[in-house]
Number of protein chains: 2
Amino acid sequence: MQLDDSSRITIVEVAEYAGVSTATVSRVINKSGQVSTEAATKVYAAIDALNYKPNAAARGLASRRTNAIGLLVDEINSEFFQPMLRGIEVTARASGMSLLISSTGGMNKASPPYPLGENNTDGLIVFADSLPQEELIRLHKIGFPLVLLHRSSPPNFNIPCVTVENKEGARRMVNYLIKERGYRRIALLEGPDSHEDAQWRKLGYQEALAAHAIPFDPNLIFRGGFNERQAYTTVSHWLEQKPNAEVIFAADDDSAIGAMMALKEAGLRIPEDIAIVGFDDIRLAAYLDPPLTTVRAPIEQAARIAVEQLVKVIHSETVELITLLPTELVIRRSCGC
Amino acid sequence: MQLDDSSRITIVEVAEYAGVSTATVSRVINKSGQVSTEAATKVYAAIDALNYKPNAAARGLASRRTNAIGLLVDEINSEFFQPMLRGIEVTARASGMSLLISSTGGMNKASPPYPLGENNTDGLIVFADSLPQEELIRLHKIGFPLVLLHRSSPPNFNIPCVTVENKEGARRMVNYLIKERGYRRIALLEGPDSHEDAQWRKLGYQEALAAHAIPFDPNLIFRGGFNERQAYTTVSHWLEQKPNAEVIFAADDDSAIGAMMALKEAGLRIPEDIAIVGFDDIRLAAYLDPPLTTVRAPIEQAARIAVEQLVKVIHSETVELITLLPTELVIRRSCGC
DNA sequence: TTATGCTATGTAAGCGCTTACATCAAACTA
DNA sequence: TAGTTTGATGTAAGCGCTTACATAGCATAA
């Protein structure tokens with residue numbers, strides 16, 4: 001099966017049909033330069049009659065713009081992605097940009113060549129730890145438009161970033177557990193070190209403890225990895241040591257789910273024997289048994305804003321360097337209320 | 001912020017650095033034609049030293065190939081998308097293809113110009129009802145590579161398609177409800193008419209009834225729309241009429257969730273007062289209360305295969321015209337066992 | 001009238017690659 | 001030995017657009 005070359009319509013055919021030059025056709029299509037209404041009408045008619053579609057590669061080559069943005073993620077492995085992708089896709093399309101998506105392989109093992117970059121897009125949304133810092137810096141140094149999503153800029157580089165109030169959300173959650181629920185021994189099921197959301201949430205946890213003069217206990221810190229299975233394994237092992245935590249703060253809902261499974265298997269009642277809370281408020285959270293108390297993160301909104309920022313950077317407009325979206329405590333039964 | 005033009009390196013710089021012609025560099029990059037090991041080594045060294053990345057637009061223009069495939073969906077509005085996107089992205093990348101994603105707006109209101117097509121991709125995965133049949137036929141007629149996902153070919157056009165055994169899965173589910181559970185009055189909460197999965201599932205439902213000589217009762221058919229909210233509304237209204245169904249077969253899990261919510265609000269116990277089953281086995285299904293009996297659809301696998309087929313079509317290899325992946329009954333408590 | 005500024009349009013030079021074709025040396029064949 | 005094949009490489013012509021620059025027509029100013 002082959003595309004029929006002879007029938008391929010180019011700007012030349014359109015120009016001939018409309019009785020104008022290719023430059024005028026180009027001006028009409030791009031709404032650039034001055035064109036009389038009369039000429040524009042003829043061009044539109046020709047485009048319609050011939051069913052002409054401008055060749056994206058030729059446009060890109062001539063204009064040195066691809067009209068495409070890229071989304072780089074580490075791995076499409078969580079429910080988290082649906083609202084994020086939705087936000088990005090809708091906003092990109094509304095901005096007249098094509099959207100290229102690629103993952104860098106998961107497992108934090110991204111290595112060159114990277115699938116998306118200055119050679120095939122006008123700018124990149126870099127999600128979390130999908131790209132090593134050195135590549136980020138290389139792209140930024142050559143002036144390539146970049147917006148970070150759920151990750152902050154390397155020091156001294158001022159790459160715009162959009163994320164949620166991770167530290168503040170975690171702080172408020174832990175604060176709530178201490179003040180309203182009276183817990184003192186709060187375990188943290190932390191996310192991957194490489195993932196910045198994880199670091200901020202841990203910091204919020206520590207700050208809340210400090211604010212109530214509760215000493216930080218490293219024995220209450222465990223690795224959940226933003227991952228149901230890993231959390232399950234970690235918590236299962238942990239339970240064998242008869243820990244005396246009153247509540248687990250899982251750094252995301254996925255790991256909370258894994259933890260809950262481990263707790264139930266160990267015969268512990270939630271929240272009577274041990275309470276648990278999460279972070280993100282993925283759809284599933286409300287359906288768990290018991291429903292999960294968590295911190296709602298405006299994932300889709302963050303994604304939309306990231307694209308808007310990126311488009312501005314591409315157009316050389318100024319943008320906020322840091323956009324932090326507020327989170328919201330969602331109290332359900334798993335925390336013991 | 002601007003890309004520094006002077007520092008942009010092209011194939012010419014690489015050729016000079018390596019002491020060969022641009023043609024040789026091109027041959028090395030594309031592994032086409034004959035190149036001595038010696039020359040290849042020099043070229044690779046030059047590419048490395050200069051950090052050269054071939055310009056995608058220029059390649060596309062010269063070769064008349066974009067090395068990109070497109071995924072067209074109606075709307076990214078369901079958990080369904082995560083495994084599907086994952087399958088498509090991973091397979092596309094493994095095939096050396098870039099992935100462009102666009103939605104056509106949802107609400108079944110796709111209209112030209114379509115964001116993806118012969119001008120910017122080498123081929124398209126068309127999901128469900130994201131594209132009107134006439135555009136599908138236009139693309140197919142000009143020989144543009146197309147693979148349909150969760151949709152079958154328009155009659156007489158033989159566009160390859162990949163989907164799951166919708167009819168068979170529904171038939172087996174309804175058969176199970178009749179034979180194993182003894183139900184006779186089985187309501188169907190059907191999907192959107194425009195969505196082919198919905199049509200096949202309904203057909204399977206009808207065949208199972210017929211096989212057990214249970215008359216088809218139009219009063220037991222309701223519109224769930226593959227959509228939690230719509231299903232909730234429909235079922236709420238339906239309950240006001242005191243229907244005497246013993247079980248609801250929701251055409252997908254999302255609508256099953258909406259239906260369950262409506263049933264619970266009406267004070268009905270599941271499955272004692274009325275049972276319910278779904279289709280797809282999204283992650284949430286296992287966590288519902290009670291856990292949802294459903295039909296497991298291999299969504300990620302279907303996506304992978306669709307991309308593999310598309311790549312074959314692009315390379316003018318022959319492919320299966322119809323790929324039907326088997327589904328599996330997942331029995332949980334919501335059906336009354 | 002002639003000069004001056006605008007607007008509308010055309011001409012043509014690339015953008016950075018791929019690839020058909022030409023070329024030439026080395027390795028065969030008879 | 002001369003003729004033929006084969007492998008390795010280079011030359012250069014586009015691919016289908018955009019856009020700097022040139023030009024022409026017309027209104028307005030001097």
Side-chain angles (χ1 to χ4, degrees), chain A residues 2-43 46-47 50-68 98 117-122, chain B residues 2-43 46-47 50-68 98 117-122:
Chain A
Q2 291 264 349
L3 247 54
D4 186 353
D5 265 42
S6 60
S7 77
R8 231 206 208 84
I9 306 290
T10 73
I11 200 171
V12 176
E13 279 83 66
V14 176
E16 279 169 3
Y17 188 102
V20 298
S21 72
T22 59
T24 297
V25 175
S26 178
R27 286 184 194 109
V28 171
I29 291 171
N30 298 296
K31 303 192 198 311
S32 64
Q34 310 272 25
V35 183
S36 66
T37 326
E38 189 194 14
T41 310
K42 285 190 294 184
V43 169
I47 288 173
L50 302 174
N51 193 21
Y52 167 68
K53 328 230 162 178
N55 177 303
R59 287 179 101 163
L61 183 55
S63 66
R64 296 145 153 284
R65 268 179 277 106
T66 64
N67 281 315
S98 296
E118 73 270 34
N119 56 104
N120 52 8
T121 56
D122 291 342
Chain B
Q2 291 262 352
L3 248 54
D4 185 355
D5 265 44
S6 60
S7 78
R8 226 206 210 88
I9 46 172
T10 72
I11 200 170
V12 176
E13 279 83 66
V14 176
E16 280 169 4
Y17 189 101
V20 299
S21 70
T22 59
T24 298
V25 176
S26 177
R27 288 185 192 108
V28 171
I29 292 171
N30 299 296
K31 303 191 198 311
S32 63
Q34 311 271 26
V35 183
S36 65
T37 326
E38 188 194 13
T41 310
K42 286 190 293 183
V43 169
I47 288 174
L50 302 174
N51 192 22
Y52 168 68
K53 329 231 160 174
N55 177 302
R59 287 179 102 164
L61 183 56
S63 66
R64 298 148 153 281
R65 269 179 275 105
T66 64
N67 281 315
S98 296
E118 73 270 35
N119 56 102
N120 53 7
T121 56
D122 290 344

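Just the heavy atoms: all of them, side chains too, but no hydrogens, waters or symmetry mates, feed the values below. Throughout, protein chains are lettered first and strands after them, A, B, ... in sequence-line order, and every chain is numbered starting at 1.
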Practice item. Work out which heavy atom in A/A15 is nearest to a heavy atom in A/S21; give both atom names and the distance. Key: CB-C, 3.7 Å
For residues 32-43 of chain A, tabulate all N or O donor-acceptor pairs below 3.5 Å that involve a side-chain atom, not counting sequence neighbours.
residue: A/S36; atom: OG; partner: A/A39; partner atom: N; Å: 3.2
residue: A/T41; atom: OG1; partner: A/T37; partner atom: O; Å: 2.6

To the nearest Å, give me how far apart [atom1] ([X]) and [atom2] ([N]) are.
X: B/I11; N: C/dG14; atom1: CD1; atom2: P; value: 19 Å
X: A/K42; N: C/dA8; atom1: NZ; atom2: P; value: 14 Å
X: A/N67; N: D/dC17; atom1: CG; atom2: C1'; value: 13 Å
X: A/E16; N: C/dT9; atom1: CD; atom2: C1'; value: 17 Å

Review point. Given axes from five pairs at either end, by how many degrees does the helix from C/dT1-D/dA30 to C/dA30-D/dT1 bend, rounded to 10°?
Key: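 End-to-end axis angle for the helix from C/dT1-D/dA30 to C/dA30-D/dT1: 40°, rounded to 10°.
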Check your understanding: Which part of the nucleic acid does A/T10 contact within heavy-atom distance under 4.0 Å: base, sugar-phosphate only, or nothing?
Key -> sugar-phosphate
Exercise for review: Please list, chain by chain and in numerical order, all residues satisfying side-chain contact (heavy atoms from CB on, under 4.5 Å) with B/S63, sequence neighbours excluded.
Suggested key: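 So B/S63 forms a side-chain contact (heavy atoms from CB on, under 4.5 Å) with B/R65.
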Point to revise | Identified side-chain contact (heavy atoms from CB on, under 4.5 Å) partner of A/T22 from the options A/I11, A/T10, A/V14 | key: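 Of the listed options, the one satisfying the test is A/I11.
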Which residues satisfy the side chain to side chain donor-acceptor pair (under 3.5 Å) test with [X], sequence neighbours excluded?
X: A/N120; answer: none
X: A/T121; answer: none
X: A/E16; answer: none
X: B/S98; answer: none

Check your understanding: More 5' along DNA chain D: A/V12 or B/E38, using each one's nearest nucleotide?
Key -> B/E38
OP1 or OP2 of [N] versus the side-chain N and O atoms of [X]: is any pair under 4.0 Å?
X: A/R64; N: C/dG16; value: yes
X: B/S26; N: C/dT18; value: yes
X: A/T24; N: C/dG10; value: yes

Check your understanding: Does anything in residues 29-37 of chain B reach DNA chain D, meaning a heavy atom under 4.0 Å, and if so which residues?
Key ->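 Correct list: B/Q34, B/V35, B/S36.
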Study note, to complete from the structure: Expected list for residues 50-63 of chain B near DNA chain D, using heavy atoms below 4.0 Å, is B/L61, B/A62
Between the protein and nucleotides 21-26 of chain C, which nitrogen or oxygen pairs are less than 3.5 angstrom apart?
none

Close N or O pairs between protein and nucleotides 24-26 of chain D (under 3.5 Å):
none

**Study point:** Beyond-backbone contact of B/S26 with B/I29, side-chain heavy atoms, under 4.5 angstrom
**Key:**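 Sidechains of B/I29 and B/S26: no contact.
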Under 3.5 Å donor-acceptor pairs involving side-chain atoms of residues 50-59 of chain A, not counting sequence neighbours:
residue: A/N55; atom: OD1; partner: A/A57; partner atom: N; Å: 2.7
residue: A/N55; atom: OD1; partner: A/A58; partner atom: N; Å: 2.8
residue: A/R59; atom: NH2; partner: A/N30; partner atom: OD1; Å: 2.8

Exercise for review: Could you grab the distance from atom CG of B/N119 to atom CZ of A/R8, nearest 0.5 Å is fine?
Suggested key: 10.5 Å
